[in-house]
Amino acid sequence: MKYKNKMKILINTTNIHVGGGVQVASSFIHELSLILKEHTNKFNISILYSTAVKSNLFSDSELSVFQCVQELNVYGVSSLSAEDKKHFDNYDVCFTVFGPFYFKLKVKEHICGFAQPWIAYPDNDVYPILRLFERMKTKARFFIQSFLFKRYEQLIVEQQHVKDALVNQGYANDKIKVVSNCVSTIYDSPHLWKDFAFNKSELKYDITLGFIGRAYVHKNVIILKNVSRLLFERYNFNCNFVFSFTANEMKECGFTELDNFFTVGAIKVEQCPAFYQLLDALVFPSLLECFSASPIEAMKMSTTVFASNYPFVTEVCQNAAFYFDALDANSIAESIVNAFANKHLREEKLNLGRNLVRSLPTARDRAVAYLDIINN
């Protein structure tokens, strides 16, 4: 790996505040700091990170290797002051880990990470469940974002199927690189794991299912209310459902009225392993993704995975997960009941999952791949 000496590089994560993007950004900065420590004086890299990314950095990250590290929060199209804009100026390359970034920067090359499945898959199963006004507003938003994504010198996507989808929509094939997402190194570092304030004695039943992430509409988590009802009424199967939602998200989903639905609250990267340890199984009913790390994280933690039968899951998880029709609550409930009635099959899939995760690229591999694209 040959690197161009002293090219001025900016890593921009100022626009990442919630969700899986925070974990990817913090993991990349951590791995990049360790790489730079090994290649002293070969790079001129600066970091601009959001408060959320900063607070999720691993404690052993070596930030002193970077030329400059500054905290700055940018929210969508909210205006940037002239003083703030100066932080982005006069770099050879800026890598915005996930975009779009709504401001034109004075840099020679701007590379951007792409993780907007609404743009890659405009004919999806989410739009039909939105009200007309919300559907029109969402389509307008992503039409604008698609225009912005086409401005970048290079896009980085997380799976080949995303690149194929974008090329089919007219994006330039040679301007899109694929760098797979992966399991964060936090899962191999138990000494960095942290617990969260949650009273496990509140759980009512022996079996605990859960979902990690935010309550975005495309995550389809509201269907779990009907799944819970069907499990009890049709299958006499009692279980807890645990989430990593804020109190407002629980209320908006209607989960606060259910006595077997709980939340541990919004959690940081170091607390994610403890969340999976709390579960007997992850339930992932998402309708739309480019890539989601939570199923493979669960497999890494030896947690059974129930997931939507869509390519964004099946291409990665293969035979290591139990699949269901995410639009059918009974399909989800039936999948859960059948799996828990077959301990041997669950153990077989857990073993497949552990082997699968071992074969995936590492967080360091991802960081090296990002750096190669930036360098070239």
Side-chain angles (χ1 to χ4, degrees), residues 20 115 117-118 120-121 123-129 158-162 164-165 180-183 207-213 215-231 234-235 237 239-243 275-276 279-360:
W118 296 85
Y121 300 103
D123 297 322
N124 57 65
D125 287 332
V126 190
Y127 277 126
I129 67 177
E158 297 174 299
Q159 283 189 280
Q160 183 64 40
H161 71 83
V162 181
D164 295 341
S180 177
N181 204 331
C182 59
V183 174
I207 296 174
T208 299
L209 311 179
F211 174 88
I212 189 169
Y216 301 131
V217 62
H218 66 278
K219 298 295 185 180
N220 192 37
V221 292
I222 291 179
I223 200 171
L224 296 179
K225 291 172 64 176
N226 281 335
V227 172
S228 178
R229 178 182 58 79
L230 286 169
L231 285 171
R234 187 171 296 179
Y235 299 101
F237 185 97
C239 64
N240 313 295
F241 283 86
V242 180
F243 304 87
F275 184 85
Y276 291 114
L279 307 181
D280 294 292
L282 174 79
V283 183
F284 187 71
S286 182
L287 301 174
L288 187 62
E289 304 283 340
C290 285
F291 183 100
S292 178
S294 55
I296 57 173
E297 290 170 352
M299 291 175 184
K300 175 74 174 180
M301 295 298 297
S302 295
T303 301
T304 296
V305 173
F306 297 98
S308 309
N309 191 11
Y310 288 104
F312 58 78
V313 181
T314 58
E315 281 190 13
V316 179
C317 297
Q318 303 172 36
N319 294 325
F322 293 92
Y323 296 108
F324 51 70
D325 179 351
L327 295 171
D328 183 352
N330 190 61
S331 173
I332 302 174
E334 188 176 24
S335 176
I336 292 167
V337 170
N338 289 343
F340 276 94
N342 192 335
K343 185 177 180 180
H344 175 75
L345 181 58
R346 277 189 290 125
E347 289 295 335
E348 183 179 306
K349 286 189 178 289
L350 286 173
N351 190 50
L352 286 171
R354 286 187 287 265
N355 290 334
L356 183 149
V357 172
R358 281 193 286 269
S359 71
L360 293 175

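Side-chain atoms are counted along with the backbone in the values below, which use heavy atoms only and exclude waters and symmetry mates.
- Residues Ile336 and Val227 meet the side-chain proximity criterion, which asks for heavy atoms closer than 4.5 Å.
- Rounding to the nearest 0.5 Å places CG of Asn220 at 6.5 Å from CD1 of Ile332.
- Between Ile212 and Ser294, the shortest heavy-atom contact is CG2-CB, 3.6 Å.
- With a 4.5 Å cut-off on side-chain heavy atoms, Glu158 and Phe312 do not count as touching.
- Residues Leu288 and Tyr127 fail the side-chain proximity criterion, which asks for heavy atoms closer than 4.5 Å.
- Ser302 contributes atom OG, which lies 6.0 Å from atom CG of Leu350 (distance to the nearest 0.5 angstrom).
- Taking all atoms of both residues into account, the shortest heavy-atom contact from Ile296 to Val357 is O-CG2, 3.5 Å.
- Residues Phe291 and Val162 fail the side-chain proximity criterion, which asks for heavy atoms closer than 4.5 Å.
- For Leu345, the side chain to side chain contact (heavy atoms under 4.5 Å, CB included) partners two or more places apart in sequence, or in a different chain, are Phe322, Asn342, Glu348, Lys349.
- Put simply, OG1 on Thr208 and CG on Leu282 are 13.0 Å apart, with the number rounded to the nearest 0.5 Å.
- For the pair Ser286 and Tyr216, the minimum side-chain heavy-atom distance is 4.5 Å or more.
- Using a 4.5 Å heavy-atom cutoff, the side chains of Cys290 and Gln159 are not in contact.
- Partners of Phe324 according to the ring-ring contact (aromatic ring centres under 6.0 Å, His included) rule, which considers only residues two or more places apart in sequence or in another chain, do not exist here.
- Contact detail for Ile223 and Ala329: the closest heavy-atom pair is CD1-N, 3.8 Å.
- Residue pairs that meet the side-chain hydrogen bond (donor to acceptor under 3.5 Å, both in side chains) test with at least one member in residues 328-340, sequence neighbours left out, are Arg234-Asn330, Tyr235-Asn330.
- Contact check for Asn124 versus Pro117: no side-chain heavy atoms found under the 4.5 Å cut-off.
- In this structure, Phe340 and Thr304 have side chains that are not in contact, with every pair of non-hydrogen atoms separated by 4.5 Å or more.
- Without hydrogens or angle criteria, Asn240 side chain to Leu209 main chain gives no donor-acceptor distance under 3.5 Å.
- Screening residues 307-325 for side-chain hydrogen bond (donor to acceptor under 3.5 Å, both in side chains), with sequence neighbours left out, gives Asp125-Tyr310.
- When all heavy atoms of Leu356 and Cys317 are compared, the closest pair comes out as CD1-O, 3.4 Å.
- With Ser228 contributing its side chain and Lys225 its backbone, the two residues share no donor-acceptor pair below 3.5 Å.
- A parallel orientation is assigned to the rings of Phe284 and Phe211, their planes being inclined by less than 30° (bins at 30° and 60°).
- Under the rule for a salt bridge (charged side-chain N to carboxylate O under 4.0 Å, His left out), the partners of Arg229 that lie at least two apart in sequence or sit in another chain are Glu233.
- Ser292 and Pro295 get closest at one heavy-atom pair: O-CD, 3.4 Å.
- Taking each heavy atom of Ala326 and Leu287 in turn, the nearest pair found is CB-CD2, 3.6 Å.
- Among residues at least two apart or in separate chains, salt bridge (Lys or Arg N to Asp or Glu O under 4.0 Å) pairs with a member in residues 288-314 are Asp188-Lys300, Lys219-Glu289.
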